[in-house]
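Notes for the one structure printed next.
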Amino acid sequence: MIPSGFDYHAPRSVGDAIQLLGTLGSDAKLLAGGHSLLPMMKLRFAQPAHLIDLNRIDALRGIREDGAAVVIGAMTVENELIRSPLLRQKVPLLPEAASQIADPQVRNRGTIGGDIAHGDPANDHPALAIALDAVFVLEGPKGRREVKAEGFFHGTYVTDMAEDEILVEIRVPAFAPKTGYAYAKLKRKTGDWATAAAAVVLRMDGGNVSHARIALTNLAPTALRAADAEAALIGKPIGDASISDAAAKAMAICDPVEDLRGDRDYKIAMAGQMVRRAIAKAAARCQ
Ligand SMILES: Cc1cc2nc3c(=O)[nH]c(=O)nc-3n(C[C@H](O)[C@H](O)[C@H](O)COP(=O)(O)OP(=O)(O)OC[C@H]3O[C@@H](n4cnc5c(N)ncnc54)[C@H](O)[C@@H]3O)c2cc1C
């Protein structure tokens, strides 16, 4: 319950925050919504000597359209994703899935950027971002660079981001008309992390699947793109055979840890079920 002592910094710009990161080095941690970092500090799993609070940097908030992309500031909280008319219209998977994350109080503080930067395989945004083919914009002392969500997650709590970089925004391609989508999440109770979850984005053309992105949550050390499962759907009509094939291919890449949510066999079986449900729901929404 009691974190160890730290110095607190509240920069007003991304540049100032990057400068502080450079000066303070690995003793410093960025503070976003604080709903992963503070719990870890209270258990003394993390003991940073400095917290750099991003909450007063207005440039990191907000959801806007930029050509064919929707751009989400890293400090945008989950409840803002749920309420956003722009996301509901252009990327409806995000508001629908955000309502399955944590609970209303956590969603008033927890940010999309923090959920991604944390690199926890149990978090939902990593797989959602992979299924959406999102791009993360990172800013460091040498300027900005962009990394695809798919290559960003290297291991549990390990991402492509350097210690002196900040995730500033998430760029998501807007859905083409008639894009189907679903996030199927099995959890023990509201506010729990997934036992297994699957994000699916689909498009159909002339009765056959023309586009499929499938990603899995909490079934390996990182969120996973299930590319073989996608390939099992492309060019075919949606039916029992193709859905079963895709589910089997998704199950084949799972490597979950055994914990209080279940053993490996159960989690892998549930991965298959979540993939099945998400594909069926996404397909029904392609009309
Ligand atoms: C009861 C409870 C239930 C939850 N259930 C779920 C769930 O079902 N699904 C789910 O996905 N999450 C869940 N969470 C996690 C929650 O959504 C967190 O808010 C989220 O994991 C981290 O976001 P944050 O903004 O709170 O980040 P923080 O806790 O402030 O930071 C997390 C980490 O990311 C780093 N960081 C934050 N922002 C940036 C940035 N812009 N650039 C670089 N690094 C950054 C921090 O330095 C820190 O290391 C739950 C949390 C609680 C307390």
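In each ligand, atom 1 is the first atom listed, and ligand 1 is the first ligand listed.
A distance of 13.5 Å separates CG of D16 from CZ of R56, quoted to the nearest 0.5 Å.
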Are there any protein N or O atoms under 3.5 Å from the N or O atoms of ligand 1? List them with distances, or say none.
unit_1, atom_1, unit_2, atom_2, d
ligand 1, 8 (O), A102, N, 3.4
ligand 1, 8 (O), K185, NZ, 2.9
ligand 1, 8 (O), D192, O, 3.2
ligand 1, 9 (N), D124, OD2, 2.7
ligand 1, 11 (O), D115, OD1, 3.4
ligand 1, 11 (O), D115, OD2, 2.7
ligand 1, 11 (O), N123, OD1, 3.4
ligand 1, 11 (O), D124, N, 2.8
ligand 1, 11 (O), D124, OD2, 3.4
ligand 1, 12 (N), D115, OD2, 3.2
ligand 1, 12 (N), N123, OD1, 3.2
ligand 1, 17 (O), D115, OD2, 3.4
ligand 1, 21 (O), S36, OG, 2.6
ligand 1, 21 (O), N123, ND2, 3.0
ligand 1, 23 (O), D115, N, 3.4
ligand 1, 25 (O), G33, N, 2.8
ligand 1, 25 (O), T111, N, 2.9
ligand 1, 25 (O), T111, OG1, 2.6
ligand 1, 26 (O), G34, N, 3.1
ligand 1, 26 (O), H35, N, 2.8
ligand 1, 29 (O), H35, N, 3.3
ligand 1, 29 (O), S36, N, 2.9
ligand 1, 29 (O), L37, N, 2.7
ligand 1, 30 (O), A32, N, 2.8
ligand 1, 30 (O), G33, N, 3.3
ligand 1, 30 (O), G34, N, 2.7
ligand 1, 41 (N), L167, O, 2.9
ligand 1, 42 (N), L167, N, 2.9
ligand 1, 47 (O), L30, N, 3.4
ligand 1, 47 (O), L30, O, 2.6
ligand 1, 49 (O), K29, NZ, 3.2

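Here R264 does not pair with E258 in a salt bridge; the nearest charged N to carboxylate O distance is not below 4.0 Å. Between R145 and E165 there is a salt bridge, since at least one side-chain N of the basic residue sits less than 4.0 Å from a carboxylate O of the acidic one.
T111 is not listed as a side-chain neighbour of T76, based on a closest heavy-atom distance of 4.5 Å or more.
R285 forms a cation-pi arrangement with Y181, by the criterion of a distance under 6.0 Å to the ring centre and an angle within 45° of the ring axis.
Proximity of a side-chain donor or acceptor of N218 to a complementary backbone N or O of A196 within less than 3.5 Å is not detected.
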